[in-house]
J.: 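Here's a structure for you.
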Amino acid sequence: MTTAQTQELDVQPTPLALLLLGREADPKSERGVECPGDLPSPSDPDLVERARAAKAKLGDKVFVLGHHYQRDEVIQFADVTGDSFKLARDAAARPEAEYIVFCGVHFMAESADILTSDDQKVVLPDLAAGCSMADMATAEQVAECWDVLTEAGIAEQVVPVSYMNSSADIKAFTGKHGGLICTSSNAKRALEWAFEQGEKVLFLPDQHLGRNTAVRDMGMSLDDCVVYNPHKPNGGLTAEELRAAKMILWRGHCSVHGRFNMDSVNDVRERIPGVNVLVHPECKHEVVAAADYVGSTEYIIKTLEAAPAGSKWAIGTELNLVRRLANRFAPEGKEIVFLDKTVCFCSTMNRIDLPHLVWALESLAEGKLVNRIEVDKETEAFAKLALERMLALP
């Protein structure tokens with residue numbers, strides 16, 4: 001259909017269509033795309049030196065955070081590396097840094113803004129660096145879900161628990177309704193706390209982490225869990241199913257960890273006799289059940305650090321990290337491979353590339369604040385309440 005025909009039919013592109021085409025922006029979405037200013041060419045051979053120069057000019061005014069899933073070309077400029085919560089806390093521990101440049105994704109930068117002081121400015125080098133999992137639960141959808149729980153007569157029994165990989169709006173909803181945030185490291189303790197407060201848990205937005213923690217770590221059955229689908233009336237569940245459930249899992253998942261399946265596990269065991277399968281708890285339940293070791297990103301790193309020379313490992317997590325670990329431990333004789341034969345990076349995390357980082361650092365060095373991530377005060381207050389409940393866990 002030509003443009004003229006489209007105009008004659010008065011067909012207008014939807015906001016979502018414009019967003020996916022890389023035009024316009026949605027402040028309530030992880031998929032904001034606008035990036036003012038011109039980026040340096042990715043083929044510029046001077047990019048590394050330009051990044052070094054801009055960072056040196058800024059000195060202690062800038063603190064660069066690098067998530068484990070970032071490219072090596074970006075991670076080399078990070079002052080600290082880690083998972084999302086560790087990095088947010090590291091930023092809060094550097095009050096002298098005026099600018100926090102977060103090489104991660106949108107929800108991580110929001111968390112950093114929530115935990116840092118008002119004087120600190122959090123910058124995301126590319127606003128298109130979002131998280132598909134976080135996008136699977138919007139504030140409007142979760143509010144509608146709570147209405148469904150209320151109509152079923154169980155809302156007062158339900159405690160929301162939200163994974164760190166969620167938007168500030170979802171964290172705020174969680175705090176406002178008596179719940180708390182969890183990480184993949186402390187999900188079991190968070191659920192234990194939640195069940196001390198109420199009879200049921202609404203787990204947002206990753207169904208796999210919620211299910212794996214409840215069944216694998218807490219001894220519940222799969223029958224104790226139901227999945228709420230925000231795209232179906234009443235979440236696709238009857239009031240009776242909601243009343244019978246202990247865990248109400250939001251229908252969300254990680255696009256990277258959700259790729260691993262039993263074929264991946266069986267294939268790697270056949271190809272590499274004696275291999276240890278080590279996966280992240282965001283993987284599907286059957287993959288986690290078939291793995292030898294399961295744990296957070298930090299757990300994966302520490303397990304490989306402690307592994308004996310000559311051991312063999314298949315890792316089910318993001319490829320940038322797996323490749324970095326394989327190179328790091330190769331001199332020790334540890335064989336580390338990606339669990340799936342198909343290459344899979346976190347596509348949104350990889351949007352933070354060297355051109356965007358250079359552009360952000362040079363802009364800051366010139367006194368121009370770009371791509372600031374700022375959470376409004378009401379949202380920040382309730383989100384911080386949910387985070388503080390997690391921090392108070394024994």
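Worth saying up front: this structure is predicted, and the values here are computed from it rather than measured. One is the number of the first residue; the rest follow in order along the sequence. As a basis for the values below, the full set of heavy atoms in this structure was taken, side chains included, without hydrogen atoms, waters or symmetry mates.
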J.: Under 6.0 Å from the NZ atom of Lys86, do we count more than 12 heavy atoms belonging to anything else shown?
T.: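 Buried by this count: over 12 neighbours within 6.0 Å.
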J.: Do Asn320 and Asp72 have side chains that get closer than 4.5 Å, going by heavy atoms?
T.: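 Result no, sub-4.5 Å side-chain heavy-atom pair not found.
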J.: Taking CD in Glu378 as the centre, count heavy atoms belonging to other residues, nucleotides or ligands within less than 6.0 Å. Is the count above 12?
T.: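 No, CD of Glu378 has 12 or fewer neighbouring heavy atoms, counting only those of other groups under 6.0 Å.
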J.: Ignoring hydrogens and geometry beyond distance, is a side-chain donor-acceptor pair present between Thr183 and Asn186 at under 3.5 Å?
T.: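 The criterion, which ignores hydrogens and geometry beyond distance, is satisfied for Asn186 and Thr183.
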J.: Here's a test for you: under side chain to side chain contact (heavy atoms under 4.5 Å, CB included), which of Glu110, His106, Arg351 qualifies with Leu124?
T.: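 One option only clears the test, and that one is His106.
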J.: Is the distance between the ring centroids of Phe173 and Trp146 less than 6.0 Å?
T.: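 Yes - the distance between ring centres of Phe173 and Trp146 falls below the 6.0 Å cut-off.
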J.: Side chains of Asn261 and Ser264: donor-acceptor distance under 3.5 Å anywhere?
T.: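 Yes.
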J.: For the pair Arg71 (side chain) and Asn350 (backbone), establish whether a donor and an acceptor sit closer than 3.5 Å, ignoring hydrogens and angles.
T.: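 Answer holds: yes.
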J.: Does the distance from a Lys or Arg side-chain N to an Asp or Glu carboxylate O, for Asp263 and Lys341, drop under 4.0 Å?
T.: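 So Asp263 does not pair with Lys341 through a salt bridge.
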J.: Do His68 and Thr81 make a side-chain contact, defined as non-hydrogen atoms from C-beta onward lying under 4.5 Å apart?
T.: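 In contact.
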J.: Keeping the roles fixed (side chain from Arg243, backbone from Ile154), state whether a donor-acceptor pair exists under 3.5 Å.
T.: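 No, Arg243 side chain to Ile154 backbone: no donor-acceptor pair under 3.5 Å.
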J.: Less than 6.0 Å separating the ring centroids of Phe260 and Phe338?
T.: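 Yes.
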J.: Shared ILVMFWY cluster between Tyr228 and Leu222, side chains joined below 4.5 angstrom?
T.: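 No, Tyr228 does not connect to Leu222 through the hydrophobic network.
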